[in-house]
2 protein chains.
Amino acid sequence: MDERNSYLLQMRAELLRYCDIPDEELRRNAGMMQLLRVEKNRYFIDIGEVPDKMGFIISGLFRVFYITEDGIDRTLVFREKNHFLSAFSAFLEGTPSWYAIQAIEESVLLCLTLQDYNRMMEHNSCWNTFVRKYVEELFIEKEKRERGFLSEDAATRYLTFLSSYPGFEERIPQHYIASYLGITPVALSRIRKKLGKI
Amino acid sequence: MDERNSYLLQMRAELLRYCDIPDEELRRNAGMMQLLRVEKNRYFIDIGEVPDKMGFIISGLFRVFYITEDGIDRTLVFREKNHFLSAFSAFLEGTPSWYAIQAIEESVLLCLTLQDYNRMMEHNSCWNTFVRKYVEELFIEKEKRERGFLSEDAATRYLTFLSSYPGFEERIPQHYIASYLGITPVALSRIRKKLGKI
DNA sequence: CTGACACGTTAACCTAGGTTAACGATCGCC
DNA sequence: GGCGATCGTTAACCTAGGTTAACGTGTCAG
């Protein structure tokens, strides 16, 4: 079986959801993508690292997190298959990333180097359009999360999490979910108990 | 004096901070921009409205806010001169906005209709690049705010607000600042008292 | 000038969630 | 098999911030 080829098709389908990309460009791009396997608990990008690659998740599950001044672990987002993965601003600006990206499950990625990314952007403006639409989506995602913090309590945020990420509940350890909700594992345990009793 | 022309130059300077835009395109764009004055407390865009315009702030101050299920007022962001202003996702997708944009001071804008925006985007890919970079910046801004909610208490968020928006403290009523921090005016008053005593 | 109203402050009380610690359960690993 | 280490739960206690309400001040309309 041609594994790599099926992966490229998987990514292609996702790219085309955003905008038209000529076959010629897709082919050029396909030549740049490198297969990467990340074991469970290993890091795709670490804190302080200047990221030189972005990825497209073929399978598996990641979490993006950082460590607060008090040494507490806070999760920004979870990402599974068919999503792009990068320490975005650090990648584009060539600065050290303040957050890490860790595999929660054994995962497979297609990777693109910064160099190739820049080549793509210069070669055809369709990539510019793609990135614009993609970042717009990221922005809207963050707006929703901001809204959650501004006007929902932890229990409501937990319910929102459950419904926006169906199935993640079983794949993600509870203390990581707490870390994503901005509460302690103890508090999440209490919330689950209370909700279960309704 | 040619007021309108000085406004256009002001916007041009801001546009060029993001990327190169050919003079020809700047001239085309200048022809599309319409002057709009918004009185204090009036809305640039209201909740539920399908926004048909975006703006560039020449002078004044706005806040972007929504109303929670419990009828509480929550502020997403404040914006002053030299920033672009829109209910972004709603503008692009043609859907009703879930938040409103209100002038806190008498303000002056240059406005662009959705139609002209789309024309610009199709006419030259430099606008695509501009929007991509601009949204990237918005995204990074939201990431910082997310980080605040995840790992800072209200007093720290207040201090962060003071240092990231110098001068806003005097221009914005305190209950709007509380609304931005995600706390009640009472809580903000307590925090200010405690901080003042140090 | 005056009454109404919007705004900030303060106090008293309440609640969601943090902190610490103890206790099982599970899962490697030797 | 046993022995830690990691994870979730529960309980006891603590604190930041919410809620309500009272009070002062400034502002503006009449």
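Lettering of chains follows the sequences in order, A, B, ..., and the numbering in each one begins at 1.
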**Item:** Near-strand residues of residues 151-169 of chain B, defined as heavy-atom separation under 4.0 angstrom from DNA chain D
**Value:** B:Asp153, B:Ala154

Just list the side-chain donor-acceptor pairs under 3.5 Å for residues 29-40 of chain A, sequence neighbours left out, or say none.
none

**Message:** What's B:Pro185 touching, base or sugar-phosphate or nothing? Going by heavy atoms closer than 4.0 Å.
**Reply:** nothing

**Message:** Centre-to-centre under 6.0 Å for B:Tyr180 and B:Phe168, is that the case here?
**Reply:** no

**Asked** Of all nucleotides in DNA chain C with an atom under 4.0 Å from a non-hydrogen atom of chain B, which is the first and which the last going 5' to 3'?
**Response** C:dC7 to C:dA12

**Message:** Hydrophobic clustering (ILVMFWY, side-chain heavy atoms < 4.5 Å, transitive) - are B:Tyr99 and B:Val50 grouped together?
**Reply:** no

**Fill in**
Rounded to whole Å, the NZ-C1' distance (B:Lys40 to D:dC28) equals 13 Å

**Message:** For the helix from C:dC1-D:dG30 to C:dC30-D:dG1, what angle separates the axis at the start from the axis at the finish, each from five pairs, in steps of 10°?
**Reply:** 40°

**Item:** NZ/NE/NH1/NH2 to OD/OE distance under 4.0 Å, A:Lys144 and A:Glu141
**Value:** no

**Item:** Flag if over 12 foreign heavy atoms under 6.0 Å of CD, B:Gln115
**Value:** no

**Message:** We want to know whether A:Glu49 and A:Tyr43 form a side-chain donor-acceptor pair, criterion being a heavy-atom distance below 3.5 angstrom.
**Reply:** no

**Request:** Applying side chain to side chain donor-acceptor pair (under 3.5 Å), name anything that partners B:Glu93, two or more places apart in sequence or on another chain.
**Result:** none

**Fill in**
When A:Gly182 and B:Pro173 are each assigned the nearest nucleotide of DNA chain C, the 5'-most assignment goes to B:Pro173

**Asked** Parallel, tilted or perpendicular for A:Phe88 and B:Phe139, by the 30°/60° rule?
**Response** perpendicular

**Request:** Tell me, please, which residues at least two apart from A:Ser164 pass side-chain contact (heavy atoms from CB on, under 4.5 Å).
**Result:** A:Thr160

**Item:** Pi-cation contact, A:Tyr165 with A:Arg171 (under 6.0 Å, within 45°)
**Value:** no

**Asked** Between D:dT27 atom P and B:Asn41 atom CG, what is the distance in whole Å?
**Response** 16 Å

**Prompt:** Would the B:Phe91 and B:Tyr117 ring centres measure less than 6.0 Å apart?
**Reply:** yes

**Item:** Along DNA chain C (nearest heavy atom to each residue), the more 5'-positioned of B:Arg190 and B:His175
**Value:** B:His175

**Prompt:** Atom CZ of A:Arg192 to atom P of D:dG8: distance rounded to whole Å?
**Reply:** 9 Å

